[in-house]
Amino acid sequence: DGMHMFVEPLFHNECIERLIVNDVQLGARGGRYISEIIHYNNSITDLDASSNNLGSKGAAEIGSALCNTFSLRRLKMGYNNIGDKGLKQLASGMTRNKSLQILDICNNNIGPPGIKQFALLMEDITSALQVLDLSNNFLAAEGCRELMEHMPHLRQLSTLSLRNNDIGDVGVFYIQAALTSQMCENCSLNALDISENNISYEGTKFLCDVIDDS
């Protein structure tokens with residue numbers, strides 16, 4: 001078909017390091033094509049597949065490809081409606097990947113169940129993940145707790161965005177607990193975005209005081 005005619009020449013094209021296929025509505029089927037590109041092309045280090053409505057099936061295809069690639073450094077998959085199931089399948093692939101440094105999964109209808117599975121899989125993740133964008137999802141305080149409890153397993157993570165996830169003051173408490181935990185003493189986190197989260201003045205002041213004391 002037409003898509004395969006476009007994709008196949010990319011399998012062994014060593015000139016391309018950055019591939020942008022965002023907002024072309026590939027759908028779940030497109031996830032398979034993207035996974036084939038990742039699998040066969042070892043020169044691509046930066047892939048933007050955002051806004052394609054890949055869904056959980058497309059995320060599963062890309063997760064499978066992550067198991068077998070050691071070149072991809074940056075993956076943007078925002079606005080793809082992967083949901084909780086898709087996040088789990090994507091994370092499963094990350095457990096065997098050692099190259100991915102930047103992962104953008106903003107705006108993907110991810111809630112507490114999905115982030116819980118992602119957090120549990122973090123214990124097996126061997127990647128050098130440094131930047132994680134979870135903004136504009138539905139983590140809430142519960143999802144924030146799951147993520148923060150497993151932060152020690154992502155020792156290379158330096159930048160985390162939880163913007164617009166409705167974590168509230170309770171979520172701030174879980175962040176505080178993680179930042180002050182002895183288990184996080186060797187963590188690398190130095191940039192945290194928690195804007196637009198229904199956090200009160202008291203909650204913000206509380207977190208700022210904790211950061212000042214750390």
* Worked verdict on Asp84 versus Ile110 for side chain to side chain contact (heavy atoms under 4.5 Å, CB included) -> CA-CA 5 Å; Asp84 296 333; Ile110 297 167; 3.9 Å; yes
* Is Asn165 reaching over with its side chain to a backbone N or O of Phe138, donor-acceptor style, under 3.5 angstrom? -> yes
* Distance-only, no hydrogens or angles: does the Ser50 side chain make a donor-acceptor pair with backbone N or O of Asn22 under 3.5 Å? -> no
* Structure fact -> In short, Ile175 meets Cys144 closest at the heavy-atom pair CG1-SG, 3.8 Å
* To do: Please answer: with hydrophobic residues joined when any side-chain heavy atoms are less than 4.5 Å apart, are Leu100 and Ile20 in the same cluster?
  => no
* Less than 4.0 Å between a side-chain N and a carboxylate O, is that true for Arg32 and Glu61? -> no
* Shortest non-hydrogen separation from Phe11 to Ile37 and the atoms involved -> CE2-N, 4.0 Å
* Asked: Would you say Thr69's side chain and Ala65's backbone share a donor-acceptor pair under 3.5 angstrom?
  -> no
* Steps toward side chain to side chain contact (heavy atoms under 4.5 Å, CB included) verdict (Arg18, Arg74) -> CA-CA 9 Å; Arg18 186 183 185 193; Arg74 182 172 181 258; 4.1 Å; yes
* More than 12 foreign heavy atoms under 6.0 Å from OH of Tyr40: is that the case here? -> no
* To do: Using a 4.5 Å cut-off on heavy atoms from C-beta on, say whether the side chain of Arg163 contacts that of Asn136.
  => yes
* Ignoring hydrogens and angles, tell me if any N or O in the side chain of Asp166 forms a donor-acceptor pair with the backbone of Ala140 under 3.5 Å. => no
* If you look at every heavy atom in Gln25 and Asn52, which pair is closest and at what distance? -> N-OD1, 3.0 Å
* **Main-chain N/O of Cys67 paired to Asn97 side chain as donor or acceptor, under 3.5 Å** => no
* Asked: For the residue pair Met94 and Leu129, what are the closest heavy atoms and their distance?
  -> CE-CD2, 3.9 Å
* Minimum heavy-atom separation for Ser43 to Ser71, with atom names? -> N-OG, 4.5 Å
* Does Asp169 reach the main-chain N or O of Ile199 with its side chain, forming a donor-acceptor pair under 3.5 Å? -> no
* Verify, without hydrogens or angle tests, whether Asp133 (side chain) and Ser135 (backbone) share a donor-acceptor contact under 3.5 angstrom. => yes
* Is any side-chain heavy atom of Leu75 closer than 4.5 Å to a side-chain heavy atom of Ile62? -> yes
* Structure fact -> What one should report as the nearest heavy-atom pair of Asn108 and Tyr79 is ND2-N, 3.9 Å
* Asked: Does any non-hydrogen side-chain atom of Leu87 lie less than 4.5 Å from one of Gln117?
  -> no
* Test item: Asn197 side-chain N/O and Ile167 main-chain N/O as donor-acceptor pair under 3.5 Å -> yes
* Take Val172 and Phe206 through the side chain to side chain contact (heavy atoms under 4.5 Å, CB included) test and state the conclusion after the steps. => CA-CA 8 Å; Val172 169; Phe206 173 69; 4.0 Å; yes
* To do: Please confirm whether the backbone N or O of Leu162 pairs with a side-chain atom of Asp193, one donor and one acceptor, at under 3.5 Å?
  => no
* To do: Determine yes or no for a side-chain-to-main-chain donor-acceptor pair under 3.5 angstrom, with Thr159 supplying the side chain and Val131 the backbone.
  => no
* Intermediate values then yes/no, side chain to side chain contact (heavy atoms under 4.5 Å, CB included), Ile44 and Ile38 -> CA-CA 7 Å; Ile44 295 176; Ile38 295 173; over 6 Å; no
* Please tell me if the side chains of Asp48 and Asp104 come closer than 4.5 Å, counting only heavy atoms from C-beta onward. => no
* Asked: Is any side-chain heavy atom of Glu146 less than 4.5 Å from a side-chain heavy atom of Pro112?
  -> no
* Enclosure of Glu14 CD (heavy-atom neighbours >12, cutoff 6.0 Å) -> no
* **4.5 Å side-chain heavy-atom contact, Leu160 and Met148** => yes
